[in-house]
Amino acid sequence: MDKFRMMFQFLQANQESFMNGICGIMALASAQMYSVFEFSCPCMPEYNYTYGIGLLIIPPIWFFLLGFVLNNNVSVLAEEWKRPIGKRHKDPTILRYMFSSIAQRSLIAPAVWVSVSLMDGKSFLCAFSINLDIEKFGNYSVMNGLTETDKLKLLARIPCEKLFEHHEIREAASRYIKCISQACGWMFLLMITLTAFLIRAIRPCFSQAAFLKTKYWSHYIDVERKMFDEACKDHAKSFAKVCIHQYFENISGEIQTLHHHRTTGKDDSDDGEEDKRSDEEKLMGIRAQDDMNKVLWNWHTCKPALALRKEQMEGENNGKLNGNAKGAANGLVNGHTHEVAKKEWAVYYSKV
C-alpha cells in the first residue's frame, strides 16, 4: 500500500511528465490497435466511402476525447471557467493557455492514427475505389457491355481480393490508390511538423513576459486546487478523529476513567494529548458542519483575492527599521553601543 501511495505522490508531483507519458502510450496504443484491427471493406458502392472515411475520422475523434478524459486539468479548466468571479477576476488568456496545452497533448494519438491509416492505404482504397478510371490499368474490356450500376459494383470490389476476378487490374489499381494515400500521409506529417515548428519559433517573437505570466497563473490554479484538496482531506481526517474521540468519551466515560486510573505511565496519555492538540490545531477553529459548509461555499462562490496581506510583514520591517534608526545608527553617532552577542569567526585559507 505504501508503494502505491509513493507512486501516486510521484505522479502528482510530476504531472506534466506523467501526462506526456500517457500521451505517448496512447499514440503507441493507436498504432497497435490499427495493426491488430481487422480491416473489412464492405465492397459495396453505397458503403465503401462511408466505411473508409469513417475509419479516418471516427477513431481520431475518440482518441482526442479520450485524451481530454485522461487529463486531470480538464476539471481545473471547467471549474475555472464556470466559477463565479467573486473577489478574483477570470483571465481569458489563462483559460486559452490551459485549453491549448490540453488539446496539444490530446492531438498526438489522433495524428498517429491518421498517419498510420494513410501510410497503410487500405481505408483510402476502400473509400475511393469507385472513382477509378479502369482504362488506365490495362485491359478495360471487362467493362464493356456493363451498365453504370454494374460498373460501380465491379469497382467497389477492387479492395476485396476474393471478390475481384481480374488480379492484374486489381493490383495496378491498388498500387495507384495506395501511392496517393501515402503521399497524403507524408503531406499530413509535413503539415503537422511545420505547424509545430512555427508555433515554437513564432511564440518567442511575441511578448515573453505575457507568456510567462499566463503559464505561472495556470500552474498556480492547478497547485492551489491540489493544496485545497489536501487541506480539506487533513481537516476532514482531524474532524472525524476529534468527533470519534468525543463520542467515545461521552459514551464510555466511566470505562475511560477506570482505564486512566489503572495505567501507571504518563507517556501514552501525553502522546494522546499531543495528538489531540495537533488535531485541534488542524481544525483551525472550524468545528461545526454548518461552518464547514459555509467555508466550502464561500471558496466556490468568492475565492480570496490574489493579494496577500502583509500587515504583519510591514510591522516586522518597521520594527527593524525603528530599531536601526533609534538604536544602532543613533547609538554610533552618540557614542553608545548596544550589547550585542559577539560571534567567533574562523577563517580558513587555502593555498591551492
Discussion item. Can you tell me how far apart CZ (Phe99) and CZ (Phe68) are? Round to the nearest 0.5 Å.
Written reply: 4.5 Å
Worksheet entry | Heavy-atom side-chain proximity of Val116 to Val112 below 4.5 angstrom | yes
Practice prompt. Indicate the ring-plane relationship of Phe228 and Trp299, choosing parallel, tilted or perpendicular according to the 30° and 60° boundaries.
Written response: parallel
Item to complete: Would you please test Ser101 and Asn71 for side chain to side chain contact (heavy atoms under 4.5 Å, CB included) and show each step?
Response: CA-CA 10 Å; Ser101 62; Asn71 199 315; over 6 Å; no
Fill in: Distance-minimising heavy-atom pair for Cys126 and Pro159
CA-CG, 3.8 Å
Worksheet item: Does Phe64 CZ have over 12 foreign heavy atoms under 6.0 Å away?
Response: yes
Worksheet item: Taking Thr50 for the side chain and Tyr47 for the main chain, is one N or O donor matched with an acceptor at less than 3.5 Å?
Response: no
Item to complete: Measure from the side-chain N and O atoms of Lys90 to the backbone N and O of Trp81, and report whether any donor-acceptor pair falls under 3.5 Å.
Response: yes
Worksheet item: When you look at Lys294 and Asp290, which way does the side chain to side chain contact (heavy atoms under 4.5 Å, CB included) test go after all the steps?
Response: CA-CA 6 Å; Lys294 185 177 180 181; Asp290 295 336; over 6 Å; no
Item to complete: Kindly check if the number of other-residue, nucleotide or ligand heavy atoms within 6.0 Å of CZ (Phe188) is above 12?
Response: yes
Discussion item. Using modelled atom types and a 3.5 Å cut-off, is there a donor and acceptor pairing between side-chain atoms of Arg157 and backbone atoms of Cys43?
Written reply: no
Worksheet item: What are the two closest non-hydrogen atoms of Leu155 and Ile130, and how far apart are they?
Response: CD1-O, 3.5 Å
Item to complete: Locate the shortest heavy-atom distance separating His89 from Arg83; write the atom from each residue and the value.
Response: O-NH2, 3.3 Å
Item to complete: Taking side-chain hydrogen bond (donor to acceptor under 3.5 Å, both in side chains) as the test, write out the residues that go with Glu79, two or more places apart.
Response: Arg225
Worksheet entry | Leu66 and Trp62, any side-chain heavy atoms less than 4.5 Å apart | yes
Worksheet item: Hey, is the main chain of Leu118 close enough, under 3.5 Å, to the side chain of Ser181 for a donor-acceptor pair?
Response: yes
Worksheet, complete the sentence: dist Met119:CE -> Leu189:CG (nearest 0.5 Å) comes out at 5.0 Å
Worksheet item: To the nearest 0.5 Å, how far apart are CZ in Arg175 and CG in Leu125?
Response: 12.5 Å
Worksheet item: According to a 4.5 Å side-chain heavy-atom criterion applied to Ile, Leu, Val, Met, Phe, Trp and Tyr, with indirect links allowed, do Ile202 and Phe197 form part of one hydrophobic cluster?
Response: yes
Worksheet entry | Expected output: side-chain Ser174 to main-chain Glu171 donor-acceptor under 3.5 Å | no
Worksheet item: Once you round to the nearest 0.5 Å, how far does CG of Asp229 lie from CG of Asp234?
Response: 11.0 Å
Worksheet item: Would Ile58 end up clustered with Ile53 when hydrophobic side chains under 4.5 Å apart are linked, directly or stepwise?
Response: no
Response to the item:
To the nearest 0.5 Å, atom CH2 of Trp297 lies from atom SG of Cys302 at 11.5 Å
Worksheet item: Below 4.5 Å, heavy atoms only, C-beta onward: do Pro84 and His300 meet side chain to side chain?
Response: yes
Practice prompt. Could you tell me which non-hydrogen atom of Leu55 sits nearest to which non-hydrogen atom of Pro60, and how far apart they are?
Written response: O-CD, 4.3 Å
Worksheet entry | Over 12 foreign heavy atoms within 6.0 Å of CD, Gln289 | no
Item to complete: Examine Tyr97 and Ile199 and state if one hydrophobic cluster contains both, with Ile, Leu, Val, Met, Phe, Trp and Tyr joined whenever side-chain heavy atoms are less than 4.5 Å apart.
Response: no
Practice prompt. Measure the shortest side-chain to side-chain distance between Trp217 and Leu306 over non-hydrogen atoms and say whether it is less than 4.5 angstrom.
Written response: yes
Discussion item. Can you classify the ring geometry of Phe239 versus His235 as parallel (below 30°), tilted (30 to 60°) or perpendicular (above 60°)?
Written reply: parallel
Worksheet item: When clusters are formed by joining ILVMFWY residues with side-chain heavy atoms under 4.5 Å apart, either directly or through shared neighbours, do Leu283 and Ile286 land in the same one?
Response: no
Discussion item. Between Leu194 and Leu198, does the side chain to side chain contact (heavy atoms under 4.5 Å, CB included) criterion hold? Intermediate values first, please.
Written reply: CA-CA 6 Å; Leu194 184 61; Leu198 291 176; 4.3 Å; yes
Worksheet entry | Residues that Asn131 engages under side chain to side chain contact (heavy atoms under 4.5 Å, CB included), provided they are two or more places apart | Phe128
Practice prompt. Answer yes or no: are there more than 12 heavy-atom neighbours, outside Tyr176 itself, under 6.0 Å from its atom OH?
Written response: no
Worksheet item: Should the SG-SG distance of Cys41 and Cys160 be recorded as below 2.5 Å?
Response: no
Discussion item. Treating Asn48 as the side-chain partner and Ala127 as the backbone partner, does any N or O pair qualify as donor plus acceptor under 3.5 Å?
Written reply: no
Discussion item. Between Lys226 and Asp222, is the salt bridge (charged side-chain N to carboxylate O under 4.0 Å, His left out) condition met? List the steps.
Written reply: CA-CA 6 Å; Lys226 291 179 182 178; Asp222 187 19; 3.8 Å; yes
Worksheet item: Which heavy atom of Leu56 sits nearest a heavy atom of Val114, and at what distance?
Response: O-CG2, 3.8 Å
Worksheet, complete the sentence: Here the gap from Lys151 atom NZ to Thr149 atom OG1, rounded to the nearest 0.5 Å, amounts to 10.5 Å
Response to the item:
Of all heavy-atom pairs linking Ile221 and Ile94, the shortest is CD1-CG2, 3.8 Å
Worksheet entry | Whether over 12 other heavy atoms sit under 6.0 Å from Lys153 NZ | no
Discussion item. Do Val69 and Leu107 sit in one hydrophobic cluster, given that two such residues count as connected whenever their side-chain heavy atoms are within less than 4.5 Å of each other, even indirectly?
Written reply: no
